[in-house]
> 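One structure coming up, written as structure tokens, with questions to follow.
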Number of protein chains: 4
Amino acid sequence: MGAQGKRVPRAVREQQMLDAAVATFARRGYRAASMDEIAEAAGVSKPLVYLYLHSKDDLFTACIRREAAALKAAVRAAVELDGPADRQLWSGLLGFFEHTAAHPDGWTVLYSQARTVGEPFADEVAAMRAEIVEFVRGLIAAAARDADCDDGDLAEREVAALAHALVGAAESLAGRALGGTAASSGRENAATLMNFAWSGLANLMDGRPWTPSR
Amino acid sequence: MGAQGKRVPRAVREQQMLDAAVATFARRGYRAASMDEIAEAAGVSKPLVYLYLHSKDDLFTACIRREAAALKAAVRAAVELDGPADRQLWSGLLGFFEHTAAHPDGWTVLYSQARTVGEPFADEVAAMRAEIVEFVRGLIAAAARDADCDDGDLAEREVAALAHALVGAAESLAGRALGGTAASSGRENAATLMNFAWSGLANLMDGRPWTPSR
Amino acid sequence: MGAQGKRVPRAVREQQMLDAAVATFARRGYRAASMDEIAEAAGVSKPLVYLYLHSKDDLFTACIRREAAALKAAVRAAVELDGPADRQLWSGLLGFFEHTAAHPDGWTVLYSQARTVGEPFADEVAAMRAEIVEFVRGLIAAAARDADCDDGDLAEREVAALAHALVGAAESLAGRALGGTAASSGRENAATLMNFAWSGLANLMDGRPWTPSR
Amino acid sequence: MGAQGKRVPRAVREQQMLDAAVATFARRGYRAASMDEIAEAAGVSKPLVYLYLHSKDDLFTACIRREAAALKAAVRAAVELDGPADRQLWSGLLGFFEHTAAHPDGWTVLYSQARTVGEPFADEVAAMRAEIVEFVRGLIAAAARDADCDDGDLAEREVAALAHALVGAAESLAGRALGGTAASSGRENAATLMNFAWSGLANLMDGRPWTPSR
DNA sequence: CATGAATGAGAATTCATTCAT
DNA sequence: TATGAATGAATTCTCATTCAT
């Protein structure tokens, strides 16, 4: 039924299947997406999907792994390693927003679907997220060192919180961007976050955080 | 089999059912939760659930509406309307974090489940979210006016972005708090965000945002 | 589709389902029998079968248990407990052959199907068989004591072998009777076996077994 | 993946396939055994199995025929044709028990699986069985003639029954031997049956069978 | 107010079998 | 001689939903 010719080598077919699966999972969610639907979208029969990907769970896991790897690769590739720390963070954020904008289905699967389905999948995504948070934390810490040599370890805990909040905010903005509502560009989103992060960082380093004390 | 006595008035039964449904939807997700499971958790027979709540969709909608209303009410009740703007924002955030921590299932249903199931439900949640974003935006704008009379409308667009990012970050932190990983208290989370918001706001008002230009 | 009226109480429906299942398993074998087929034969829809009997495995187990219980009950009821040992054995064999002839499907399920499907089911049948063998062994031993007081324990091992062979031969004859080939009556079969058993027993007691020594 | 080299002559490959099929059918049953499993066990690809053996049914039939032929050959070869009738029967039984013990999978396929799958296969086995029964009947009749010239045809019917019971008991004992429970040797089993058969025969010839008349 | 009995529709998964090379 | 690629047709099992009482 698909337009593809027959007799395609396995590696190629597998990618076609993963493409179809990512699109379908993104649109319908893990549970609502049926293997029939995915097979049809891939232009193959259901048994072939099972022959190559073994089960719905395995298929979903393969999707998550592929998309997570692609996202991580995109971010790493985007970072300008030889610039100053703020420049590195900026380029990483830009890479993140551009990749998620270019692969909305992948992002949806990772962020919206995989996290809500439960144990085995959520863990996979949590691991990827932890990697990214750590990466960002390193950049922020480096930036702090660049700007202010002494007092670096004082902010240890705050730097971690900042990294977490930054990643959370980035995810949130990426989600908004896909929502179609506000077609905010990747540059805009990245700039917003830099403002966030950099000023928060400055306050922290200056030792004058906002407090509820009044 | 239910432990409840028979002949319970309708209003009470409905709340029991909604309680059971929220807990079940939170634990298993919309699709994976079965009406059997929910009826059993509520201690009633399935036909009674249908008699009162009509269908799975309607039941889920009722859950979303109830939890959204409760969250909005909690936030509004927490805001100290007569204080300065930063104090208002602080108290609202605190209310938000305390309510979501006290009602993790409700938060999960709203944030994780309802958004991923698709059209009719996601819209409902989006509307609630929009209300909250608007509320926050108002507070930030007021704070800006408090601090700096002129030049207010210049930042119009940035203020909206800031509100969005703030809400996104709050959601992200609330999600983390439920994850059990970092048992960050509501106070901590609220403080982190105030730092974020206030310093970002200060930069914006001072007209010196971070830019990638270097 | 079945001719039965609707709204039948659960206990009754369950028996109807077991009847249909026994007949179907007997005719087609465990694997080849489909739940669709069984449901149709029972005059109900498939989901009802699952609601009451939970799974194909459980259904088969229920069949085995019911038929095994019925067979054991029939044999025990047939034995004339107050007669001499040979009379008891005779009446038990007669009961066995009459029950298996009257319930050919049950016998087929127990004997042909359950034993070939593997672990969980075969064990169930093996247990029933062991009970019957032990029962027969007791009768033979009693008969030996009746006839000849001394030397009883010498034959211990041979008596067990005899009991086993007798049950095996009985099963074999019961199988033949169902095959439709030789419509041998229960009386004939029982008599054949009594001849077997009694003369073998006599030889054993006389201490002159056949030996290959020449 | 198979360890065999390529380009094996057809006759050899066929035997490899039949070996694998017999083992697989014995372990899993006809329905539960899959062609994939068999092909893998044989170390060849599935299309090759189809090329040589045409279909699952044909493959099973080929298994039955091969194993039946082997069993019959083993029994015939074991019989000492020039001895007295009881010696012939003894040696035949010994051959039977030794062959089935040496080829448990073949015996399982013939006895447990083929008989329960239904029509086309059961007939094949029934035919083999009939041959063996007839062979045994001949031996018993000859033995009767040896011992007692007159009155031979009186027992005609009983001799047939005796042959049937003997074969049935032999099958039962062979089955037990595979069960692993009682590691009864072939000699023991053969001796048990000779005792059975010979004494039953003696009683019949003496015209004093056991009767329920008392 | 409340439920035991029942089902149509669809889900994941497996299997025997074939083609093109 | 031998196989990687591919599928139509079941099969087991679940679920939202309704009726008669």
Side-chain angles (χ1 to χ4, degrees), chain A residues 1-2 5-10 12-13 31-39 43-52 54-57 59, chain B residues 1-2 4-10 12-13 31-39 43-52 54-59, chain C residues 1 5-10 12-13 31-39 43-59, chain D residues 1-2 4-10 12-13 31-39 43-52 54-57 59:
Chain A
M1 273 157 192
K6 308 256 177 147
R7 293 288 131 168
V8 175
R10 174 167 183 155
V12 175
R13 269 280 191 261
R31 293 281 310 210
S34 84
M35 293 298 269
D36 270 299
E37 216 172 341
I38 292 169
V44 297
S45 70
K46 226 185 334 170
L48 199 59
V49 178
Y50 277 91
L51 187 61
Y52 288 171
H54 314 116
S55 75
K56 196 181 184 183
D57 271 31
L59 174 55
Chain B
M1 269 162 195
Q4 292 83 358
K6 309 242 173 162
R7 304 279 140 173
V8 174
R10 172 161 183 158
V12 175
R13 271 276 193 261
R31 292 280 309 207
S34 81
M35 294 298 270
D36 270 297
E37 216 173 342
I38 292 169
V44 298
S45 72
K46 234 185 325 174
L48 199 57
V49 178
Y50 278 90
L51 185 62
Y52 288 173
H54 318 307
S55 78
K56 196 183 185 183
D57 272 29
D58 282 8
L59 173 56
Chain C
M1 271 155 194
K6 308 257 177 146
R7 292 289 130 166
V8 175
R10 175 169 180 153
V12 175
R13 270 279 191 259
R31 292 282 308 212
S34 84
M35 294 298 269
D36 270 299
E37 215 173 342
I38 292 170
V44 297
S45 70
K46 222 184 340 169
L48 200 58
V49 179
Y50 277 92
L51 187 61
Y52 288 171
L53 278 319
H54 314 116
S55 76
K56 196 180 184 183
D57 271 31
D58 281 9
L59 173 56
Chain D
M1 269 159 193
Q4 291 82 359
K6 309 244 173 162
R7 305 278 140 174
V8 175
R10 173 161 185 160
V12 175
R13 270 279 193 260
R31 292 280 310 207
S34 80
M35 294 297 270
D36 269 298
E37 216 174 341
I38 292 169
V44 298
S45 72
K46 236 187 321 177
L48 198 58
V49 178
Y50 277 90
L51 186 62
Y52 287 173
H54 317 307
S55 77
K56 196 182 185 183
D57 272 30
L59 173 55

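Treat the numbers as computed from the prediction; the structure is a model and nothing was measured. Here is how names work: the chains are called A, B, and so on, in the same order as the sequence lines, proteins then strands, and each is numbered from 1.
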> By the 4.0 Å heavy-atom rule, please label A/Arg10 as base, sugar-phosphate, or nothing.
sugar-phosphate

> Side chain of D/Ser45: nearest nucleotide among F/dT3, E/dT3, E/dT7?
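From the listed options, F/dT3 comes nearest.
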
> Of all residues at least two apart in sequence or in a different chain, which pass the side-chain contact (heavy atoms from CB on, under 4.5 Å) check with B/Lys56?
B/Phe25, B/Tyr30, B/Met35

> Of all the choices, F/dA6, E/dA2, F/dA2, which nucleotide is nearest to the side chain of A/Val8 once you look at every atom?
F/dA6

> Once you apply a heavy-atom cut-off of 4.0 Å, does A/Ala39 come out as touching a base, just sugar-phosphate, or nothing?
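If one applies the 4.0 Å heavy-atom cut-off, A/Ala39 turns out to touch nothing in the nucleic acid.
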
> What are the atom names and distances for every N/O pair under 3.5 Å that joins the protein to nucleotides 17-21 of chain F?
unit_1	atom_1	unit_2	atom_2	d
F/dT17	OP2	B/Tyr50	OH	3.2
F/dT17	OP2	B/Lys56	N	3.0
F/dT17	O4	B/Lys46	NZ	2.5
F/dC19	O2	C/Arg7	NH1	3.1
F/dC19	O2	C/Arg7	NH2	3.0

> Please work out the stems of DNA chain E from pairs that are Watson-Crick or G-U wobble with both distances under 3.5 Å, keeping only runs of three or more consecutive pairs.
E:2-21 with F:2-21

> If every non-hydrogen atom of D/Arg10 is compared with every non-hydrogen atom of D/Leu51, which pair is closest and at what distance?
NH2-O, 4.3 Å

> Take the protein atom CD of A/Glu37 and the nucleotide atom C1' of E/dA12, then report the distance between them rounded to whole Å.
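Whole-Å distance recorded here is 14 Å.
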
> Considering non-hydrogen atoms only, spot the tightest contact between D/Glu37 and D/Ala32 and give its length.
OE1-O, 3.9 Å

> Do you know the tightest heavy-atom contact between C/Asp58 and C/Leu53?
CB-O, 3.0 Å

> If you measure from NZ on D/Lys46 to CD1 on D/Ile38, what distance do you get to the nearest 0.5 Å?
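Between atom NZ of D/Lys46 and atom CD1 of D/Ile38 there are 11.0 Å.
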
> NA contact type, B/Ala33, heavy-atom cut-off 4.0 Å: base, sugar-phosphate, or nothing?
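Result for B/Ala33 = sugar-phosphate.
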
> Would you mind reading off the distance between A/Leu51 atom CG and E/dT14 atom P, rounded to a whole angstrom?
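So the two atoms are 11 Å apart, to the nearest Å.
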
> State, to 0.1 Å, how close B/Ala39 and B/Ser45 come at their nearest heavy-atom pair, and which atoms those are.
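In this case the closest contact between B/Ala39 and B/Ser45 is CB-C, 4.1 Å.
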
> Starting at the 5' end of DNA chain E, which residue's closest nucleotide do you reach first, B/Pro9 or A/Arg31?
B/Pro9

> Please tell me which of the listed nucleotides, F/dT3, F/dA16, F/dA6, lies nearest to the side chain of B/Ser34?
F/dA16

> Rounded to the nearest Å, what distance is computed from the CG atom of residue A/Leu59 to the P atom of nucleotide E/dT13?
10 Å

> Less than 4.0 angstrom between a side-chain N/O of A/Arg13 and OP1 or OP2 of F/dA6, yes or no?
yes

